[in-house]
Structure formats: structure tokens, C-alpha cells
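By convention in this document, chain letters (A, B, ...) are assigned in the order of the sequence lines, proteins followed by strands, and residues within each chain are numbered from 1.
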Amino acid sequence: MLWRPPRAAGRPDGTRIIRRSSRATATRPPFRSMQEKYNPAEVECAARAHWQASQSFRAVPRPGKPKYYCLSMFPYPSGKLHMGHVRNYTIGDVLTRWHMMRGFNVLQPMGWDAFGLPAENAAIQNSVPPAKWTDDNIAYMKQQLQSLGFAIDWTRELATCKPDYYKWNQWLFLRMLEMGIAYKKTQVVNWDPVDQTVLANEQVIDGRGWRTGALVEKREIPGYYLAITQYADELLADLDKLPGWPERVRTMQANWIGKSIGVRFAFPYELDGEPGKLWLFTTRADTIMGVTFCAVAAEHPLATRAARDNPALATFIDECRRGSVMEADMATMEKKGMPTGIFVSHPLTGEKVEVWVGNYVLMSYGEGAVMAVPAHDERDFGFAKKYGLTIKQVISVSGQAFSTDAWQEWYADKQSGVCVNSGKYDGLGYAAAVQAIAADLKARSLGDTQVQWRLRDWGVSRQRYWGCPIPIVHCEACGSVPVPDDQLPVVLPVECVPDGSGNPLARLEAFLACDCPKCGKPARRETDTMDTFVDSSWYYARFASKFAADAMVDEETNYWMPVDQYIGGIEHAILHLLYSRFWSKVMRDLKLVSYDEPFAHLLTQGMVLNHIFSRRGEKGGVSYFAPDEVDLAYDANGKVTGATARADGQPVNYGGIGTMSKSKRNGVDPQSLIEHYGADTARFFMMFASPPEQTLEWSDAGVDGAYRFLRRVWAFGHLFAGEIRTRIGARQLATAKLGATLAGLRREIHLLLKQANYDLAKQQFNTVASAAMKMLNALEKAPRDSALAAEVVEEGLSILLRTLSPITPHIAHALWCELGFGDDILAAPWPEPLGTALAQDEIELVLQVNGKLRGSLRVAANATTAQIEAAALASETAQKYMEGKPAKRWWWCRAGWSMSCCEP
RNA sequence: GCCGGGAUGGCGGAAUCGGUAGACGCAGCGGACUCAAAAUCCGCCGCCCGUGAGGGUGUGGGGGUUCGAGUCCCCCUCCCGGCACCA
């Protein structure tokens with residue numbers, strides 16, 4: 001869809017900015033024709049028309065210019081833009097435009113993460129096909145994005161729900177099957193027994209299905225996995241290749257991958273006359289002599305066997321099946337267990353150890369069994385206390401007394417403990433004990449050291465309709481057969497309307513029926529679709545490519561990739577970013593791309609919050625009030641003392657601050673903001689209110705302040721055009737000697753510019769906005785009575801407009817043209833502070849005595865240390881606070897100012 | 001529960017390498033302009049004591065290092081993100 005101005009104002013050719021007054025002033029220079037009042041709608045319309053006409057954001061490879069690929073996480077088309085999007089994309093746009101002005105060849109694309117659950121929920125609610133709902137949302141949100149003036153190359157737009165995109169999900173999945181990376185095994189899912197359907201974790205509320213209220217069960221079904229663990233070593237090691245990522249994200253990923261070296265070993269047993277081995281893994285082999293029981297998962301073969309002739313245990317195992325599969329729930333739920341009556345032998349002592357079934361042991365993790373050392377593991381300790389099991393101390397820390405009464409932190413200490421009650425291992429520390437015990441287990445062929453990863457393989461099968469079909473055909477004779485490349489894509493039918501009771505694909509004969517690619521006989525298609533994280537694992541590479549019909553990516557990808565700056569929410573710190581890194585490495589191993597890591601620099605932006613107001617209803621329910629439906633009362637200090645609903649004047653409760661959400665009614669619609677104030681105000685407030693990585697609190701008053709500032713910028717431009725600019729004669733600023741006032745003003749502007757440039761490099765945009773405000777404050781107070789003064793102001797204004805332009809591009813563009821600085825501010829060079837402007841004759845020093853601030857001192861900028869010390873000692877401050885004693889020590893701090901100190 | 005992060009006036013936040021805490025903005029208070037209002041402009045604004053000059057105190061709480069700590073170290077509290085099927 002082509003860009004269309006939302007209103008009729010302005011001309012699409014973009015050659016002139018303001019039309020209304022142009023007839024009366026047609027013969028004057030353009031800067032004299034500008035309107036006195038800031039009219040954001042006109043200004044923004046015209047600026048966008050200019051960018052559209054000159055194809056300003058079309059990105060093509062240009063050898064010889066440094067490239068900059070700036071990518072914001074693409075949105076899920078949920079209906080309309082929310083403030084989080086506005087914030088995310090404004091950050092990206094500021095970086096994009098800043099780099100454009102600094103001579104980079106910039107690519108900033110945009111697209112749609114278009115498969116996912118909300119489309120199915122909307123279908124259930126409104127009986128709209130997910131495809132239609134999604135397409136409508138994309139059209140609306142695209143128009144919203146365009147009205148915000150982002151410097152996006154829309155020729156590269158893509159949506160992951162379109163066959164020309166997801167074909168390549170399927171194609172790469174088939175390559176992964178060939179490589180042995182994709183494979184099939186059972187997975188545990190949430191099962192709603194009433195709707196007979198698999199539920200997502202978010203559809204399980206307090207252990208019940210969201211629609212039916214039925215108790216959710218765990219169910220094992222087959223599914224496809226991607227062996228991300230084959231890349232675990234590289235994913236961990238390559239974190240060191242990402243210095244442009246926040247330290248905390250790298251730490252989170254490293255912990256998630258979770259490399260640990262431990263011991264995998266077995267407890268031998270004999271059951272039903274057959275010998276067997278209970279395998280398990282531990283990182284605390286040094287405590288092996290303290291094992292008093294073992295625990296297995298409810299689905300473990302030993303548990304199943306024991307339940308055969310133990311109805312109580314069978315009931316307990318059944319109970320374990322109910323409940324959520326989420327790790328957070330598993331970790332916080334009450335630990336329960338039951339003995340199986342089966343005993344295994346301790347691999348080193350031969351002692352009999354009983355096997356229990358524990359609801360906290362996961363079959364899908366490790367071997368589905370754990371050794372229990374109640375004395376040195378907090379969870380085992382609680383479990384043993386609850387069921388009266390033996391607690392045997394085998395680690396001691398000198399000076400600490402062990403007691404089974406209560407758990408103490410040091411019981412689990414690896415650093416300072418040594419083995420006790422452990423026979424030949426007594427006295428050994430952690431590392432030595434693990435080594436000795438592993439060697440002994442190996443000698444008995446009952447175990448060995450093993451590297452263990454916390455990271456699990458990525459289950460990609462989803463029993464849902466609105467996703468990318470998994471390209472597999474099920475044939476009675478041939479089994480699961482991959483769809484041949486020349487039959488791709490397997491197209492998802494777009495007319496289905498899910499109703500919440502299972503996947504509609506499973507009932508759609510037109511989709512299901514097919515011929516087996518191998519034997520040609522009638523067969524059935526796989527109805528599972530792929531996790532939507534697959535879609536978002538490689539979209540950045542497609543953006544950088546020419547969208548070829550016959551290739552996943554082409555050569556151009558290697559020009560733009562890796563992404564120089566990736567921007568998105570901190571909530572994606574682990575899964576999306578890890579999956580993308582993994583997918584990139586697979587593509588690299590297939591020689592599709594030439595990079596190891598997809599994202600060179602990462603900026604994780606904080607969430608957008610707003611105030612929450614509520615009132616408890618007569619029946620006990622809580623109703624929420626939107627912030628604009630509430631009046632606040634203040635005390636004399638400006639502190640909020642209460643709130644009342646505008647509708648009825650009755651008090652409402654202030655519920656603090658929280659993420660914007662529909663249910664709390666505290667969301668702010670970007671659309672109304674844009675219509676009311678314009679995109680520049682929205683963008684400026686977003687950048688000014690807090691630094692990108694922190695949460696941002698919404699404030700209507702703050703938005704007003706941003707709007708007020710932009711009006712002042714406009715008014716100053718008008719003043720400059722009418723009064724100041726006419727004073728400028730022969731250009732003399734480069735050579736003239738400025739008086740103290742003008743030199744001070746010029747120095748202030750250049751100092752602010754220096755700070756703004758520093759902060760841009762740090763990606764701290766709130767202080768860039770604040771520097772622009774300070775520049776305007778200085779310019780408004782500036783003398784303007786001479787040609788030289790006018791020239792200083794002109795220079796300052798040109799710096800201000802350029803500093804502002806990445807944040808508020810429309811108004812900066814309009815004023816730049818109107819005031820005669822040039823045709824296109826995007827083509828103007830980014831300003832740099834001048835040494836001559838920053839120089840000063842005198843500097844102010846601060847005096848501290850014993851670390852306390854006591855006074856200040858002005859000295860010549862070129863004064864020597866000795867001169868400054870002499871002046872400091874002679875100062876009133878020294879007389880008063882040093883009581884005539886000589887300074888014992890001096891400290892000199894940062895350049896530009898310093899301080900001194902004496903000790904008593 | 002585990003992993004990661006955060007806490008500075010009435011509010012959002014600033015303080016670049018351990019060196020003037022509170023820049024900039026919002027809210028509030030006082031004033032100018034106006035018939036009036038809006039808009040705009042000027043001034044004040046951490047807390048306590050003091051008429052004032054000035055003094056003390058202060059960056060979630062407790063301890064420590066240092067001439068000097070919002071910043072570094074240890075302990076604690078509260079809040080937020082993630083926990084593998086929300087995206």
C-alpha cells in the first residue's frame with residue numbers, strides 16, 4: 001500500500017512546506033513565509049511527502065560507504081500500535097537518522113510477526129478467519145507506523161504468514177532433518193480434557209483451562225525437536241564475540257545454556273529376575289556417600305513398574321499428571337513423594353537405597369531420576385524431613401555445627417567443605433572428591449564424568465492452526481515422509497475459523513488428503529504447525545535480501561548482515577535471541593550466510609508503564625478507570641493527595657504504576673496522541689522521559705511539556721526568520737574575536753553539543769533531548785542586537801535543529817528548509833563541537849577540605865599546579881577551614897576543575 | 001523456587017574515571033500581561049533549624065573501604081523481567 005497523507009493539507013511534491021500563507025508572500029524568500037503558529041499536522045504531512053518523493057529511505061548496497069543495519073524487533077499485528085512499539089521504533093529511528101546524517105548507508109526495514117495465538121483467540125471470539133484479522137491489522141498498523149515518520153524502507157516489508165516467507169521455514173526444516181538436527185520424540189503438553197485440545201502455558205490459569213475451567217493434565221504426544229544442544233558449546237563460547245550486547249543478557253544466556261560438569265552414574269538393581277541400572281546425573285558427586293534415597297519422575301519406567309501392583313502409588317502417579325508443565329510452577333509447588341518399594345544398590349557401598357516417586361522430578365530433564373542427599377541439598381532436606389527419611393552428613397565446614405533441625409546455607413557449600421563420614425574420601429575438597437569418586441565409578445563401569453547442559457532441545461511442534469505447516473506426510477507404508485523441495489511450500493489454508501476445540505486442520509479433508517511422495521499411495525498431511533519463534537529466527541536475514549522466489553536469502557544478505565543494532569524488549573533476552581543465534585549458525589553451516597552471529601549490538605528497551613486507578617464495586621468486583629477519566633487533588637507541595645472519577649465525583653483508589661494493559665484500562669492509544677499533538681511530540685516525549693533501557697512512566701503532563709517545547713522551537717525559528725536573520729551581514733564568525741557574553745553563549749552551545757554527541761554514542765537519548773532544551777533556553781536568552789550576535793545565534797540554531805532532527809525529524813526538516821539552512825536536513829553533516837568555541841580563559845575550581853565542599857576558586861585556564869595551590873591556600877575557604885595548618889595532601893581531579901584537601 | 005535487573009525531591013529523571021547530588025522537564029507556589037480566561041513570560045521550589053547570614057542533614061535499610069561514596073565491597077528489604085506452548 002502506498003503512503004497516503006492522512007489529511008488534505010500540504011502538497012505531495014514536498015517542494016514547499018507551508019502553503020496557506022504563500023500567496024501573500026510569494027515573492028519573499030521562503031523563510032519569511034513561515035507560519036507563526038506551529039501546526040504539526042501540516043509540518044509532518046509535508047515532511048513525509050518530501051521523504052516519499054525523494055525515496056529517502058530506500059536502501060541499496062553502496063560499496064565504499066560504511067553500512068549500518070538498524071533493526072527493531074518486528075511487531076505482532078495485534079490490532080493497533082501500543083506505546084511499547086512507539087518507543088521501540090522511535091529508538092531505532094533516532095539511531096537510523098543519526099547514522100544517515102553521519103554518512104552511513106543505512107537499512108531500517110519493517111515487517112510483521114504474523115503467526116500466533118491471538119489471531120486464533122480473535123477467531124474464537126468474533127468468528128473471523130485469522131488470515132483476514134491479521135491482514136486487516138497489518139494494514140491499520142502500517143498506516144500508524146507511517147504517520148510516525150519512521151525512516152523505514154517499506155519496499156522490504158514482509159509478513160511471516162505469507163507462503164513466500166514460510167516456505168523457507170519448511171525448506172530449512174527439511175535441511176535440518178537431513179543434518180540430523182530435527183528429530184521426533186515425545187513431548188509433554190498441557191491437555192484440556194473438556195475441549196480435547198492442547199493449551200499454551202498462558203491458557204492455563206491456576207491449573208485450569210482458560211475456557212473450560214477443567215483441571216489441566218499433562219499429556220505425552222509426539223513432536224519435532226531441533227537439536228539446539230548440538231550447538232550449545234558454540235552458543236556459549238560465542239557470547240564472547242558479542243561485546244556489543246548488554247552484559248546482563250549475555251549472563252542470562254550463559255546461565256540458560258548452563259554448562260556444568262558432573263558425573264553420570266548408575267545404581268544397579270535386580271527386578272523381576274532381570275538386572276537393571278538406574279541412571280542419573282549429579283554435579284555433587286562429592287556427596288554421593290550421603291545418598292539416602294533416590295527419586296524418579298512419575299513417568300519413569302521404574303515408577304510405572306512399581307505402580308503395577310501398588311494401587312496407592314498408581315493413584316499418586318495419576319495425581320502427578322495433573323497440573324502445569326511450567327518450570328516456575330514445578331519449582332514452587334509442594335514437594336510430594338511416595339516410596340515404590342523398589343530398592344537399588346549404592347554403586348560404591350552396595351547399600352540398599354529405596355526409590356521414591358517425586359512430583360518435582362521431571363522426566364524430560366536429564367535421566368528423569370535424581371539421587372537424594374538430604375544433608376546437602378535444600379530440596380532433599382525438606383523432602384526427608386517431611387517423610388522422615390535418613391539425613392546423613394558427609395560434608396563439613398570447620399567451625400560450623402551440623403544439625404538436622406533446620407537447613408543452613410553452608411550445608412550446600414562447595415567452596416569450603418570437606419568430605420566426612422565418607423570412608424576413603426574423608427578430608428577431600430569438592431574438586432578432588434568428585435574426581436576420585438568419578439574414577440572409582442568408572443573403574444566399576446557404573447559411571448563417568450559428563451558435561452551436562454541445562455539447555456534443552458527446542459520443541460517446535462504446535463497443535464495449532466495459525467502457524468507454518470510442518471512439511472511432513474504420514475504414509476501407512478512409508479511412515480513419516482518429508483515433503484520434497486519441489487512441492488514446497490505446504491500452503492496453510494486461509495479460510496479456517498478455529499473454535500477452541502483442537503486444530504481445524506485435522507478436520508479439513510482438502511488439506512489432509514495427499515499422496516505419499518515416496519510410494520504415491522494416499523497419505524495424510526502432518527497437521528502440527530511450527531512454533532512462531534521459528535518465523536522470527538531468521539527474518540532479519542530475509543529483510544537484507546532481495547526476497548528471491550528461489551532462495552531463502554541471496555548475496556545481498558552478506559552485505560547488510562550482521563545487524564549492526566538490534567532493538568527490542570528485555571523480555572526477549574533469552575528465547576528469541578538464543579533461537580536466532582542458533583538458526584544463524586545452522587544457516588552458516590549450510591553455507592547460506594557467512595556470519596557467525598546475527599546481531600552485533602543489542603539494545604534492550606524497558607517497558608511503558610502508566611498509573612492505575614480502580615474502585616471496588618458493591619458486589620466486590622474491581623472496576624478500573626482510565627487515567628483521563630480521573631481528576632487528581634494536590635497539596636501545597638504538589639503531592640497527590642487523592643483522586644476522583646470525573647464522571648461521578650466520587651473517590652477512586654490509586655493502584656500505583658504498572659504495565660499498560662487492556663484489563664487495567666491504563667493504556668494510552670498512540671493514535672489519539674498523534675492526532676492531538678503530532679508524531680514529533682510523541683517521539684520527543686518518548687525519548688525524553690527516561691533512558692531507553694529503563695521502564696518509562698507515561699505522563700500526560702510530560703507530553704504537554706514536550707509539545708510546549710516544540711512550540712517554542714517553532715516560535716524561535718519564526719523570530720529568527722523575521723528579526724535575527726536580517727541582521728547578518730558579511731560572515732565574520734570564523735575570524736572575529738567575541739566578547740565575553742557571546743563567547744560564553746557559543747561555548748555553552750558547543751559544550752551541550754559535545755554532551756549530546758557523547759550521549760548519542762552511549763544511546764542515552766533522554767539527555768540528548770535535554771541538551772536540545774538547554775540549547776533553546778540559551779538561544780532565547782542570547783543577545784541579538786548585532787550582526788555578530790545574530791551569526792552566533794544562527795550557528796547555535798543550526799546545531800539545535802540537527803541535534804533535534806533524529807528525535808523530531810518533521811519539525812527539524814521544516815525549519816531547516818524554511819530558515820534557509822538547506823534543502824534537506826538529512827543530507828546536512830552531523831555537527832561536531834569546535835575546539836575554538838570551547839576554549840576559555842578562566843576556569844572555576846571547587847575546594848574541598850577533608851572531602852567536604854567548602855568553596856570555589858577562579859583561576860586562569862593555564863595556571864600551574866603550584867599557582868593553584870598557592871591561590872587555594874590564600875583563599876578565604878582555606879583560612880576558615882584549615883585553621884592555619886598546612887595541607888598534608890592534595891588531590892587533583894578531572895580536567896577542567898579540581899579540588900584539594902588537607903588532613904587534620 | 002532459580003537466573004537477571006532496579007530503587008536518587010511531590011513526580012520522570014541528571015550526575016561521563018570515586019570528586020559541587022538533584023541538570024532538564026513535570027507538578028506546585030508567587031508575580032507580570034489581560035476586562036477576564038487561555039496562551040506566554042519572570043521568580044521560588046529536597047528536608048530540618050534560623051527573621052537572616054548561615055548551619056546541619058540527605059541518593060530503599062544496615063555495615064565497611066576512602067581525604068572524599070548515588071557511584072566500590074558485604075548483608076537485608078521491596079519492586080520488575082525471564083523460566084522453554086504469550087510474543
Side-chain angles (χ1 to χ4, degrees), chain A residues 73 75-76 78 113 116-118 187 189-190 198-204 246 248-249 251-252 254-256 258 325-333 378-379 455-459 461-464 531-533 536 569-576 578-579 604 606-607 609 632 634-641 656 658-659 685 688-691 693-706 708-709 711-712 715 755 758-759 762 764 766-767 769-774 777 844 846-853 856 888-894 897-904:
Chain A
M73 290 180 185
Y76 179 80
S78 55
D113 190 10
L117 210 48
Q187 52 179 350
V189 295
N190 300 306
V198 175
L199 297 179
N201 283 336
E202 75 159 5
Q203 296 173 320
V204 179
R248 59 169 161 154
V249 176
T251 307
M252 280 192 254
N255 290 341
W256 185 264
V325 300
M326 291 164 74
E327 189 185 306
D329 293 338
M330 300 293 291
T332 48
M333 72 187 178
E378 189 169 3
R379 196 172 53 185
L455 181 68
R456 310 200 294 259
D457 280 344
W458 174 11
S461 290
R462 297 290 179 272
Q463 296 68 42
R464 289 186 217 303
D531 180 5
T532 56
F533 273 126
S536 55
I570 183 68
E571 66 273 17
H572 294 294
I574 295 173
L575 292 181
H576 162 61
L578 194 66
Y579 292 150
T604 50
M607 296 182 311
L609 314 176
L632 298 178
Y634 301 91
D635 69 9
N637 295 319
K639 191 176 177 177
V640 175
T641 53
T659 48
F685 170 74
F688 179 68
S690 76
E693 307 239 68
Q694 285 181 34
T695 55
L696 183 147
E697 277 184 33
W698 189 257
S699 154
D700 287 325
V703 175
D704 268 331
R708 214 151 35 219
F709 169 69
R711 272 201 318 244
R712 272 171 60 208
Q755 179 230 306
Y758 178 85
D759 290 343
K762 266 203 318 183
Q764 184 174 293
N766 55 329
T767 47
S770 125
M773 289 176 137
K774 290 178 190 177
N777 289 347
E844 185 170 342
V846 168
L847 292 169
Q848 287 183 11
V849 180
N850 287 331
K852 284 206 165 110
L853 173 75
S856 66
K888 283 194 186 163
R889 282 200 276 166
W890 289 86
W891 288 268
W892 297 95
C893 302
R894 277 205 308 263
W897 58 284
S898 74
M899 51 201 2
S900 68
C901 176
C902 83
E903 285 177 286

Legend entry - Candidate list A:V204, A:L199, A:N190, test side chain to side chain contact (heavy atoms under 4.5 Å, CB included), partner A:V325, passing option: A:N190
Give the rounded distance in Å between these two atoms: [atom1] of [X] and [atom2] of [N].
{"X": "A:L696", "N": "B:G81", "atom1": "CG", "atom2": "P", "answer": "15 Å"}
{"X": "A:M326", "N": "B:C2", "atom1": "CE", "atom2": "P", "answer": "17 Å"}
{"X": "A:E327", "N": "B:C86", "atom1": "CD", "atom2": "C1'", "answer": "17 Å"}
{"X": "A:M252", "N": "B:G5", "atom1": "CE", "atom2": "P", "answer": "7 Å"}
{"X": "A:D700", "N": "B:C11", "atom1": "CG", "atom2": "P", "answer": "18 Å"}

Distance between [atom1] atoms of [N] and [M] (Å, rounded):
{"N": "B:C26", "M": "B:C75", "atom1": "C1'", "value": "37 Å"}
{"N": "B:A87", "M": "B:G82", "atom1": "C1'", "value": "13 Å"}
{"N": "B:G70", "M": "B:G58", "atom1": "C1'", "value": "11 Å"}
{"N": "B:G56", "M": "B:G6", "atom1": "C1'", "value": "31 Å"}
{"N": "B:A23", "M": "B:A15", "atom1": "P", "value": "13 Å"}
{"N": "B:U51", "M": "B:G5", "atom1": "P", "value": "50 Å"}
{"N": "B:C79", "M": "B:G30", "atom1": "C1'", "value": "38 Å"}

Inset, instruction - Quick one: classify the glycosidic conformation of B:G25 as syn or anti, with syn meaning within 90° of 0. - result: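 This nucleotide is in anti.
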Inset, instruction - For B:C17, decide between syn and anti, treating a glycosidic angle within 90° of 0 as syn. - result: syn
Inset, instruction - Measure from the side chain of A:W256, starting at C-beta and using heavy atoms only, and say which of B:A87, B:A84, B:G13 lies closest. - result: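 It is B:A84.
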Using a 4.0 Å heavy-atom cut-off, does [X] contact any base of the nucleic acid, only the sugar-phosphate backbone, or nothing at all?
{"X": "A:P75", "value": "nothing"}
{"X": "A:H572", "value": "base"}
{"X": "A:T332", "value": "base"}
{"X": "A:R712", "value": "sugar-phosphate"}
{"X": "A:V189", "value": "base"}

Inset, instruction - Using the closest heavy atom to pick a nucleotide of RNA chain B for each, name whichever of A:Q755 or A:T251 lands nearer the 5' end. - result: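 Mapping each residue to its closest nucleotide by heavy atoms, the 5'-most match is A:T251.
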Inset, instruction - Between A:A706 and A:T695, name the one whose nearest nucleotide on RNA chain B is closer to the 5' end. - result: A:T695
Could you write out each protein N or O paired with an N or O of nucleotides 22-24 of chain B at a distance under 3.5 Å?
residue, atom, partner, partner atom, Å
B:A23, O2', A:K774, NZ, 2.9

Inset, instruction - Just say parallel, tilted or perpendicular for the rings of A:F533 and A:H572, cut-offs at 30° and 60°. - result: perpendicular
Inset, instruction - Return one dot-bracket line describing RNA chain B 5' to 3' (Watson-Crick or G-U wobble pairs, both distances under 3.5 Å; ( ) same strand, [ ] crossing, | another strand, . none). - result: (((((((..(((......[....))).(((((.......))))).((((....))))..(((((..]....))))))))))))....
Tell me whether the OP1 or OP2 atom of [N] has a side-chain N or O from [X] closer than 4.0 Å.
{"X": "A:N255", "N": "B:C2", "answer": "no"}
{"X": "A:R248", "N": "B:G82", "answer": "no"}
{"X": "A:Q694", "N": "B:G13", "answer": "yes"}
{"X": "A:R711", "N": "B:C41", "answer": "no"}

Inset, instruction - Calculate, to the nearest 0.5 Å, the distance between atoms CD1 and CD belonging to A:I570 and A:E693 respectively. - result: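 Rounded to the nearest 0.5 Å, the CD1-CD separation comes to 7.5 Å.
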